[in-house]
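Structure first, then comments.
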Amino acid sequence: MSEPLPPQYNPAETERALYQWWQARGWRNEPTGDPDPYVVMMPPPNVTDRLHMGHGLNLTIQDTLIRFERMRGRAVEWIPGTDHAGIATQNMVERILGKEGTTRFDVGRDAFVERVREYVRDTGGVILQQIRALGASCDWSRTYYTFSDQLSRAVRETFVAWYQKDLIYRGKYIINWCPRCLTALSNEEAEKQETSGTIWRVRYPLEDGSGAIEVATTRPETILGDTGVGVHPEDPRYATLLGKRVLVPLTGRAVPIVADDAVDKEFGTGAVKLTPAHDPLDFEIAARTGLPSIDVLTPEARMAETVPDRFQGLDRLEARTRVIAELAAEGLLVKSEPHTHAVGRCYRCDTVVEPRLSDQWFVRMQRLAEPALAAYRNGTLSFVPERWGPVYDQWMAGIRDWCISRQIWWGHRIPVWYCDGCGTRTASVTDLYECKGCHGPLRQDDDVLDTWFSSQLVPFSSLGWPDRTKDLARFYPGHVLVTGPDIIFFWVARMVMSGLDCMGSLPFTTVYLTGIVRDPKHQKMSKSRGNGIDPLAVIERFGADALRYAVLSGAAVGTDVILDPSDLETSFGPGRNFANKLWNAGRFILSNLDGPVRPLAGKYPNVVRGEELALADRWIIARCDAAVRETTQAYERYRLNEAVGAAYRFLWSDLADWYIEQVKPRLYGDQPGGDVARAVLARVFDVSLRLLHPAMPFITETLWQRLPGHAANASIESGPWPVADARAADAAALAEFGIVQEIVGAVRSIRAEYAVQPGQAIRVSITDASKVARRAMTAEEGTIRRLARASALGTGGEGHAQGAAHAVLQDGTTVTVPLGDLIDVERECARLGTELERLTQLIASQQTKLANEQFTSRAPEAIVAKEREKLGSWREQAETLRRKRAQLGCAG
RNA sequence: GGGCGAAUAGCUCAGCUGGUCCAGAGCGCCUGCCUUACACGCAGGAUGUCGGGGGUUCGAAUCCCUCUUCGCCCACCA
């Protein structure tokens, strides 16, 4: 019915076309009639991003969850989008301008913004294309962009609403300034890094010449901006100095010694130099004590005109060296010592940020945070894994105001207009041109908003908010948010707050935090470290399914995923191999389904009735049902690695290694049961493909398409998902076929041990067979013989004791393989002896355990019974071993 | 300075609510096989004081304490 399949699966050949087919056909995304669609918002990559492994992990997890829910018949909606990424994107275009020998300032604001727009038009969206390569089944018809007209409207709407509610204010505070990006940053954007540096002790002479006071600093250049020295009000050392003045070194400026509780008596000398323009604590103290502030830095972090001539224009670090030298020359440098402290760095360019006094816009967070914190504390918002909850809690509880203005040009311009004529200020959703009061011209604020201001609105702005659209009604709120823990504060927390404020409800109820992709040295993968893996290269070489398998099987809930960039084979080979295993199992099964497959009676998926089922059939059906149960539960609990593992083991270990092997003669020969075997194969393979489809969509769809019996243009992705069925449970079949496996294993072991030629047939005798073993032998004699390569399988063991190898199964059933001259009696004695010894020890400790009244009285009934049973079976095994050894005439 | 996480086979990791999943997988390693679905495979095999030390318990890789070593996050000690 179909052309022969090649023995190796070639993903490159099929994936792209398959994705197109899916798209053309349309995901079953449209939530028709489902009052509770499963909605997932894709974290928007930056427009200029290219796919990296972090995306690979994140998108795979989302797509797997989405496909699982979709197959279960739930309406799903997975919305993709991109982020205009203010600073990051602007930086890229500025770099290009740099190569052209110009700057954004040369080009001018409007032209520059146009230039970025063009750049984004050309290169942006590449990642959206690349996401397809992973197989992501998202709803492309609703793709959003955080800088589109629609989302810009939402941004303004939110800004104005918050401005009017007094949640947004403008003020002069110490912010983190990036001298490279030339903009203010939020606290979250200034990444604190432990850095080893130096701390200097400097002497400030008292103005009246009566002595000096020593202070410590890690940034000596800021001395030039000192406007005071602070001490603790109750510090006896300085009580008499309060109110006196000191001379700031190198400037000759006389500044007061002030008292403030915030000064730590224990640290250093207990006196602190105060530079209100460049330190948050100093700023606060200055505000309380009325000290002025002197800004000594230019935006580029060079020394400003406020410092003595000889320092002006120097870079902050040059200035530092110079200041130290001069202090030393003047004898004011007391000492310097190594010191490690946290230094902030720009999260976009890694430049050391400078705390700097400046006029910025802030969001007052307290009121927004309260309900967001409550949502977590009362359990309506939960984290997977749970341990991230406290992280969120701690941040929310200690929340600080959010600096949202950026002195860059690429982004949502702050919707505030100033009238220079009458000095008024107006926030407005629409552009304003004329002052209502004095009818003078208006000027819009120069700054743009933090890019996260627009990202935080995505759960509803992407659905049409502030309009009350149909989409908004159907898709808000969503369910699970899948993202990395590194953006809990940037994004997750803020979506929660804005969602609660703007929409009145949580944007999602579960936050699934993925791990981070690292290399074997546990270093985060990044381009800058050069330890990245290009997912597209992996997809090309191993296939998207192999990539997905690798990240899923490596991603237990909340653990990092380790991949080795220098050994792609080890990282992605197993996934490819598994796909190939599936391919070949499929090839085998399909090639045997040529004729019409008589559909099995019974309810989907597993139960077969009214057929003559072989033991192996009952066994695989029971195993299949267990796999369905296990896989489903694992997916439901976000344990994707376990879900994939369960399906993997069923397909490979049960179906391929045993069932397919068992079934071969029934298919090839004229032996009975061929039809049943075909039907069972078709069914359990169909189930396997379904179980694996969320994780490995391409290969499963490719094979499923070739299975007979489904409607034209049907896709596996539409489900249904296999349902576990209690009627498939078959403990007897599991036990009996288990014995078959044990016998075959025992014989194979013996063959290997005694180096029996692979082609040489041997005879196998079973003695002391348990009831279960006898049934197993009757039912699957042919299977045992074939897989063990036994010419005969008998139940008498007479006369074989000498010159035979033995194995005793758990239930005491003994497998005897007469090998004549091949047997070395001593060796066989030793083999059995070792086994016996192990058992004897087990029995001894088991007896102790069961003799312990503490155990028998306190442990649950069932456990005790189980333990008794174990002891019994071990005794039986040991007994048989002893008898065998006696027959062999073993010593001891 | 706080908080969190991790330490299990040579490597990368599973092991969920303490009791057979006599501690598992993949990769690597050793032995033998191109057995007509698959050498991206098949069969067999070796390797673990479950980081150290204490404790709780009838019973601990699993719970508690402590130590050691890594990693991460938060923090206005200049």
Side-chain angles (χ1 to χ4, degrees), chain A residues 5 7-9 174 192 199 215-219 222 230 262-264 266-269 271-275 279-284 339 341-342 355 385 387-388 390-391 394-395 398 485-486 488-489 516 518 520 522-524 542 546 553-554 556-564 567 569-571 573-592 634 637 639 641-642 645 648-649 656-657 660-661 664 668 745 748-753 755-759 787 789 810 838-839 842 849 852-860 862-864 866-867 870 874:
Chain A
L5 304 176
Q8 276 193 2
Y9 172 56
I174 297 277
K192 290 298 175 68
I199 186 163
V215 300
T217 181
T218 54
R219 291 180 299 154
T222 63
V263 180
D264 184 350
E266 310 304 318
F267 188 85
T269 57
V272 59
K273 64 190 269 312
L274 297 171
T275 322
D279 184 278
L281 182 66
D282 295 4
F283 175 77
E284 282 173 30
H339 181 71
H341 57 140
R387 80 182 129 91
W388 291 108
V391 174
Q394 193 191 340
W395 185 82
D486 47 337
I488 291 179
F489 310 140
I516 291 173
R518 301 177 185 279
H522 290 95
Q523 291 195 304
K524 202 168 160 177
F542 297 92
S553 60
V557 174
T559 61
D560 291 339
V561 176
I562 312 292
L563 295 171
D564 189 348
D567 187 2
E569 186 60 37
T570 295
S571 299
R576 175 208 49 204
N577 295 354
F578 180 47
N580 196 238
K581 187 71 183 179
L582 258 174
W583 178 255
N584 276 290
R587 219 157 61 93
F588 172 82
I589 291 167
L590 289 168
S591 70
N592 284 292
R637 299 171 65 201
R639 296 177 170 268
N641 60 325
E642 291 177 20
Y648 176 103
R649 284 191 298 276
D657 288 349
I660 285 183
E661 291 308 323
K664 278 176 180 173
Y668 294 156
R748 282 170 171 173
S749 242
I750 287 168
R751 294 184 69 112
E753 180 94 11
V756 178
Q757 291 299 310
L787 298 186
R789 299 210 168 199
Q810 300 234 15
R838 191 181 67 83
L839 274 172
L842 274 178
K849 192 187 231 178
N852 186 344
E853 204 199 316
Q854 299 280 12
F855 172 69
T856 48
S857 63
R858 294 195 196 191
I863 297 282
V864 178
K866 231 181 198 172
E867 298 294 326
K870 276 197 278 182
W874 289 338

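Being a predicted model, the structure only gives us computed values, none of them experimental. Naming convention: chains lettered A, B, ... in sequence-line order (proteins, then strands); numbering from 1 in each chain.
Note on A/Asn577: a side-chain N or O is less than 4.0 Å away from OP1 or OP2 of B/G41. Side-chain N/O atoms of A/Ser749 include one lying less than 4.0 angstrom from OP1 or OP2 on B/G45. At the phosphate of B/C77, neither OP1 nor OP2 sits under 4.0 Å from any side-chain N or O atom of A/His339. OP1 or OP2 of B/A37 has at least one side-chain nitrogen or oxygen of A/Lys664 nearer than 4.0 Å. At the phosphate of B/G32, neither OP1 nor OP2 sits under 4.0 Å from any side-chain N or O atom of A/Arg748. The side chain of A/Thr570 contributes no N or O atom lying less than 4.0 Å from OP1 or OP2 of B/G26.
Nearest to the side chain of A/Lys192, among B/C76, B/A78, B/C73, sits B/C76. For A/Lys581, whose side chain is taken as the heavy atoms from C-beta onward, the closest listed nucleotide among B/C77, B/G5, B/C38 is B/C38. Minimum atom distance to the side chain of A/Thr217 is reached by B/A78, of the listed B/A78, B/C13, B/A14. Closest to the side chain of A/Gln394, out of B/C40, B/C74, B/C16, is B/C74. Out of B/A75, B/C40, B/C72, the shortest distance to the side chain of A/Ala342 is found at B/A75.
Atom CD1 in A/Ile516 sits roughly 13 Å away from atom C1' in B/C4 (whole-Å rounding).
Other residues, nucleotides and ligands contribute more than 12 heavy atoms inside 6.0 Å of the CD atom of A/Glu569.
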